[in-house]
Amino acid sequence: MSTSRTKTDLIKNILTYAAVIISGCVFVLLSASWVSPLFKDSYGYDSSWYSLMGRAITEGMVPYKDYFDLKGPVFFFIEAIGQFFIHGRMGIFLIECIAASVSSVFIWKICRLYIEPYHAAIVLLLTAFVAVSPFWGGNTCEEFMLPFNFACIYLTLKYLKLEKYEEYFVPAFVFGISFSVMLLSKITTCAPMAAAAFTVVIVLIMKRQHRYLPFIIGYFLLGFLVIFIPVCVYFILHDAFRDFIYAAFIFAYKRGTDYYETFSWEWESKLIICYTGFVAALIIPTRKSGEHYLRIFGILLSFLTWAALHLGTPYDYYFLLTMPVFIYTVMSTFAHWKNRATLMSVLRHRLEYEGSVAEAAEPVNAGTNDTGPDDNDNDTEHGQVIRDRSETVGYDPSEAAAQDPSEAAAQDPSDNAAHDPSDNAGHDKYENVGAGTARYEFRSSDSISYERGEGFEPPDMSDFKNYFMEGEITKLKRVMERPDRKRIVRQRRILWVILIFIVVAHYYPSTMFKVRENLSLAQRSEDQYVEECKGVLDVVPESEWDNIYDLESGMIFYEVNQLLPANRYPVNLPYFLHLNPQIKANVLQYLDVVKPKYVMSEEMAAFDDEDTRNYVFGHYVMLCDIGAEEIYVRTE
């Protein structure tokens, strides 16, 4: 029977995770309008630039040396991986599906630490609904960094939940890899991971387990170097190490502290998720549950995400970084709504130990010291109950026998370590909670451990009497039905519903607008802008296609025609000139020395640098204006 059940559980888990993975791919298919095969001739400016960088790497170009940008190199290497397997948009779609699937799996695993499968499914659906708008058109740095953040969050919550503080090797190593990836892609995207890391440090210090911190730091550094060293070697071998350091760190810092556009109330309103997450963290009942780490993590997660999104000019897709906060809010609501508010769930929790299965629990006869056939068997195996109550800490059989039952029944639940069961879910030790009853202790074998809810089906209500002593269920029910407790639970429920409603209502208009836009994109046969980009090649000789100097152009031109720019600064040039005057000197010197025959710009008269604009008008004349781009030819 055990083998049959194991096979059934295995098949169930495989089907569950297959459905989760498919859901991630379907989300990308329907939402990523810039890369999904459902949307013909749909391109995004940023998306086109990022895929261009990946394509350039596969063709031997070196980031920062050949093409300048301030994003980190690992992000461009990820883009290159997609282009290596499938050239063009489908290559990006491939890695988009992988990233979304991994994120979905870790979201599911995070939720399953605390809530039931159908609640976890609701979390995934709500997250997908809210994420449609900031997802933009896909292929942005934030979405590729989310899998690393979710992996770190999952490992952190599982590590702190199980309280197996000595098992830090894998989490610390994964944290190091993740931080290195995000540092070398876009440093602000590591805010959720940073919240998880600080939570671990705080909890270890609070629990007086700080002796593990030096070892955790060591494994963290090892994971960090696994990524950082090969990247540095790559740029050293290509004689571009200084270019890499300047662009990815020095120049990126200037970008992060320079507000090209002020942070408006419109942008601030998009951080509503951080505010609701902060409030949700404050109202989590942790006083007796021991889950203080959840509150600490929620506060840090909300604050650090909020702070990271105040660095530099924000764009819509930056707010994908708030998704871990939203997931935390919804998951916390489900976890403390049902599991803390029903007698059934409390009794189920009493049969579990920190997410591990408590199997083969043997009943103890009420009101007697009969411990079964072997009174000396005090040291239990996995899931066994300690049956010799005389040796259970906190229980004195002589005192229990002398205690008047009516006095015990009237005893305040907070006295004699009689914990509120609704806040005591998941603990391994439970004090005596009624007259003549023992404190139970469940022990878990390290070799047999399951995530809560996976592979464990506790008995139904009619069978609980076999697991708990007479009178204990009645006492638990009485505590659950205290008027003051019911009022507090009701108030928390109302507030949780309001918090989630605020977020969903805020994102509803933008989500529906994006849905309508995607439906329109999917139905069109061609795009005028794309056709105009193709038309540029009709007025420029084929021998000059790779020598068009791009001053300010949407990167869509290069993505549509699968070309590479002829100059080092093909994107965001006016902004770069503003941040670093030396770049302007380099551009003007190139135009004056190399004298490229063709110059391209979306609208030269509106180019945001007078010196560059005057030089072009003084040495070039417009060849044609085809709408998407203006083409200038040199007069000398």
Side-chain angles (χ1 to χ4, degrees), residues 45-54 56-57 61-80 136 139-146 148-149 177-194 224 227-232 234-236 238 240-263 267 304-321 552 555 565 567-587 608:
Y45 287 99
D46 288 25
S47 173
S48 296
W49 169 245
Y50 300 147
S51 60
L52 181 151
M53 288 292 286
I57 292 174
M61 302 295 183
V62 179
Y64 317 118
K65 181 180 180 180
D66 295 313
Y67 297 127
F68 185 85
D69 194 31
L70 46 78
K71 292 289 191 298
V74 171
F75 174 47
F76 296 140
F77 292 150
I78 293 174
E79 295 280 340
W136 222 11
N139 195 29
T140 62
C141 184
E142 279 70 15
E143 65 198 76
F144 289 120
M145 298 302 109
L146 281 179
F148 297 97
N149 277 307
I177 291 177
S178 300
F179 179 68
S180 187
V181 168
M182 287 184 275
L183 175 67
L184 298 176
S185 295
K186 187 178 180 182
I187 184 61
T188 54
T189 59
C190 74
M193 187 221 73
F224 176 83
I227 301 296
F228 190 77
I229 289 179
V231 171
C232 291
Y234 168 85
F235 285 106
I236 291 173
H238 289 85
F241 185 76
R242 293 182 62 182
D243 297 320
F244 153 59
I245 295 297
Y246 174 77
F249 295 103
I250 300 174
F251 194 80
Y253 174 77
K254 291 182 180 180
R255 164 66 175 85
T257 55
D258 180 89
Y259 293 87
Y260 195 65
E261 297 178 18
T262 57
F263 200 96
W267 294 119
L304 292 180
T305 302
W306 176 89
L309 289 172
H310 278 82
L311 297 176
T313 304
Y315 296 100
D316 285 344
Y317 60 88
Y318 288 14
F319 294 94
L320 271 178
L321 198 63
E552 185 180 20
M555 291 296 102
N567 52 305
R568 189 185 181 194
Y569 305 99
V571 65
N572 291 330
L573 182 56
Y575 185 43
F576 292 166
L577 298 180
H578 165 73
L579 289 177
N580 185 358
Q582 182 59 44
I583 292 179
K584 177 165 57 173
N586 294 340
V587 170
D608 192 17

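Side chains included, hydrogens not; waters and symmetry mates left out as well; all remaining heavy atoms used.
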Any donor-acceptor pair under 3.5 Å from His310 side chain to Trp306 backbone: yes
Nearest non-hydrogen partners of Met145 and Ser185, listed with the distance: CE-OG, 3.6 Å
Phe68 and Phe576 aromatic ring geometry - parallel, tilted or perpendicular at 30°/60° bounds: perpendicular
Non-hydrogen atoms of Thr189 and Leu321 that approach each other most closely: O-CD1, 3.5 Å
Atom pair OG (Ser178) and CG (Leu183), whose distance is rounded to the nearest 0.5 Å: 12.0 Å
Test ring pair (Phe, Tyr, Trp, His ring centres under 6.0 Å) applied to Phe249 and Phe244, step by step: CA-CA 8 Å; Phe249 295 103; Phe244 153 59; 5.8 Å; yes
Nearest-0.5 Å distance, CD1 of residue Ile229 to OG of residue Ser180: 9.5 Å
Expected output: side-chain Lys65 to main-chain His238 donor-acceptor under 3.5 Å: yes
Check: Glu79 side chain, Phe75 main-chain N or O, donor-acceptor pair, under 3.5 Å: no
Working for side chain to side chain contact (heavy atoms under 4.5 Å, CB included), residues Phe148 and Met193: CA-CA 8 Å; Phe148 297 97; Met193 187 221 73; over 6 Å; no
Asp46: partners by side-chain hydrogen bond (donor to acceptor under 3.5 Å, both in side chains), with sequence neighbours left out: Tyr317
Partners passing ring-ring contact (aromatic ring centres under 6.0 Å, His included) against Phe228 (at least two apart in sequence or in another chain): Phe224
Heavy-atom check, side chain of Met53 versus side chain of Ile57, under 4.5 Å: no
Atom of Ala191, atom of Leu304 and distance for their closest heavy-atom approach: CB-O, 3.6 Å
Check against side chain to side chain contact (heavy atoms under 4.5 Å, CB included), Tyr246 and Leu70: CA-CA 9 Å; Tyr246 174 77; Leu70 46 78; over 6 Å; no
Residues which pass salt bridge (Lys or Arg N to Asp or Glu O under 4.0 Å) with Arg242, listed by chain and number, not counting sequence neighbours: none
Phe235 and Tyr64 aromatic ring geometry - parallel, tilted or perpendicular at 30°/60° bounds: tilted
Nearest-0.5 Å distance that lies between atom OH in Tyr575 and atom OH in Tyr569: 16.0 Å
Approximate separation, where rounding is to 0.5 Å, of Tyr315 OH and Glu142 CD: 12.0 Å
Over all atoms of both residues, closest heavy-atom pair of Tyr45 and Met555: O-CB, 3.7 Å
Test item: Asp66 side-chain N/O and Val62 main-chain N/O as donor-acceptor pair under 3.5 Å: yes
Nearest-0.5 Å distance, CH2 of residue Trp49 to CG of residue Asn139: 13.0 Å
Gap between atom CG of Asp69 and atom CZ of Phe251 - 0.5 Å precision: 9.0 Å
